[in-house]
Amino acid sequence: MRFHQVKELVAWAADYHRGLAEQYDQLAAGDVNDRVRMALEYLAEHERKMQIELANYLEEQSDHRKVLETWFDDPADFPHAPTLDRLIECMSCDSVQDVLSTALTMHRTLQDLYAHRVERASVEAEREFFASLSSGHEAEVRRLARDMQRLEDY
C-alpha cells in the first residue's frame with residue numbers, strides 16, 4: 001500500500017520490537033551458555049520496553065495525536081519482517097558479541113526507516129517526530145551496546 005498514516009508505521013515498529021522480544025526469548029530458552037542466555041534475556045526485556053514506549057504514542061491522550069494522524073505517500077512499503085523470520089536461522093549464539101552484532105543489525109532496520117521518514121516528511125511536525133524517534137532509538141542502541149559489552153567483560 002502506498003499511502004499510510006504515521007500511526008501505522010509506529011504500530012508496525014512496536015510490533016517489530018514485540019517480535020524481536022519473542023525471538024530473543026525463544027533463543028534464550030535454547031541450548032546456549034549462561035552468559036549468552038543472560039544477553040538474550042536482557043535483549044528481550046529491552047525490546048519489550050521499546051514496544052511499550054512506542055505503544056504509548058498510540059494512546060488516545062498522546063500529545064502526538066495530530067502527527068500520528070498525518071498521511072504520507074511513499075511507494076516503498078515498510079520493511080516487512082522477513083528479517084525477523086531469519087533471525088533464528090542466521091543468528092549465532094556462540095558468544096555475547098555474536099548476539100550483539102545481530103541485535104545491532106536488527107536495530108539498523110528501524111534507524112534506517114526513521115531516517116527515511118525524516119528525509120521524506122512532507123510537514124515539519126512529521127519530520128520532527130521521526131527525528132525524535134531516530135535520536136531516541138540511537139541513544140537506546142548505544143546504551144544497549146554498552147550494557148552488552150559490560151556483560152561480556154564480567
Side-chain angles (χ1 to χ4, degrees), residues 1-30 32 36-37 39-93 96 98-148:
M1 192 159 118
R2 184 176 169 129
F3 297 96
H4 300 280
Q5 285 185 296
V6 170
K7 67 182 174 185
E8 293 174 61
L9 194 145
V10 172
W12 179 90
D15 191 55
Y16 184 85
H17 285 293
R18 182 202 50 75
L20 284 175
E22 290 173 2
Q23 295 287 356
Y24 292 138
D25 282 335
Q26 287 177 5
L27 289 167
V32 295
V36 169
R37 180 174 289 102
L40 290 165
E41 289 169 351
Y42 172 80
L43 285 170
E45 183 60 30
H46 179 265
E47 293 303 330
R48 281 188 280 279
K49 286 171 48 179
M50 298 285 286
Q51 175 195 6
I52 290 167
E53 287 177 16
L54 286 173
N56 286 340
Y57 284 121
L58 300 172
E59 291 181 2
E60 289 294 323
Q61 302 88 350
S62 171
D63 294 338
H64 304 285
R65 184 163 174 73
K66 187 172 182 178
V67 74
L68 290 170
E69 298 292 329
T70 302
W71 286 89
F72 62 88
D73 175 13
D74 195 339
D77 209 357
F78 309 149
H80 192 46
T83 41
L84 290 175
D85 298 337
R86 285 186 240 126
L87 178 63
I88 288 182
E89 297 167 14
C90 70
M91 184 172 186
S92 171
C93 291
V96 172
D98 290 341
V99 171
L100 176 59
S101 176
T102 302
L104 294 177
T105 299
M106 300 305 285
H107 280 281
R108 174 53 59 195
T109 302
L110 281 175
Q111 285 182 282
D112 290 347
L113 177 62
Y114 296 153
H116 174 74
R117 287 307 323 146
V118 168
E119 293 170 7
R120 304 264 322 195
S122 58
V123 295
E124 189 60 29
E126 180 186 357
R127 185 176 292 103
E128 289 173 3
F129 179 78
F130 282 111
S132 176
L133 279 181
S134 180
S135 175
H137 191 78
E138 190 174 317
E140 280 297 313
V141 169
R142 282 192 308 271
R143 186 175 70 81
L144 175 78
R146 181 201 67 211
D147 292 349
M148 293 285 285

Sequence neighbours excluded, the answer for side chain to side chain donor-acceptor pair (under 3.5 Å) partners of Q51 is none
Inset, instruction - Verify whether one side chain among E138 and H107 offers a donor that lies under 3.5 Å from an acceptor in the other. - result: no
Distance-only, no hydrogens or angles: does the [X] side chain make a donor-acceptor pair with backbone N or O of [Y] under 3.5 Å?
X    : Y    : value
R37  : G30  : yes
E126 : A121 : no
S135 : S132 : no
E8   : Q5   : yes
R117 : F130 : no
Y114 : H137 : no

Legend entry - Derivation and outcome, side-chain contact (heavy atoms from CB on, under 4.5 Å), residues K7 and V67: CA-CA 8 Å; K7 67 182 174 185; V67 74; over 6 Å; no
Test: E53 and K49 ion pair at under 4.0 Å: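 No, E53 and K49 are not salt-bridged.
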Flag the pair D25 and R48 as a salt bridge only when some basic side-chain nitrogen lies within less than 4.0 angstrom of an acidic carboxylate oxygen. yes
Close side-chain approach of V123 and T70, heavy atoms under 4.5 Å: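 SC-SC contact between V123 and T70 confirmed.
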Please report the shortest heavy-atom distance between [X] and [Y], naming the atom on each side.
X    : Y   : value
M106 : Y16 : O-OH, 2.8 Å
C93  : V32 : CB-CG1, 3.6 Å
A55  : A14 : N-CB, 4.4 Å

Please round to the nearest 0.5 Å and tell me the distance separating atom [atom1] of [X] and atom [atom2] of [Y].
X    : Y    : atom1 : atom2 : value
H116 : L113 : NE2   : CG    : 7.5 Å
R18  : M50  : CZ    : CE    : 15.5 Å
H4   : W71  : NE2   : CH2   : 9.0 Å
L104 : Q111 : CG    : CD    : 8.5 Å
W12  : L110 : CH2   : CG    : 5.5 Å
H46  : D147 : NE2   : CG    : 8.0 Å

Problem set entry | Working for side-chain contact (heavy atoms from CB on, under 4.5 Å), residues V6 and E69 | CA-CA 6 Å; V6 170; E69 298 292 329; over 6 Å; no
side-chain contact (heavy atoms from CB on, under 4.5 Å) for V99 and L40? Distances and angles first, verdict last. CA-CA 7 Å; V99 171; L40 290 165; 3.7 Å; yes
Exercise. Under 6.0 Å between ring centres, would you say that holds for Y24 and Y42?
Worked result: no
inquiry  = Would L43 and M148 count as a side-chain contact (heavy atoms from CB on, under 4.5 Å) here? Give the steps.
reply    = CA-CA 9 Å; L43 285 170; M148 293 285 285; 4.0 Å; yes
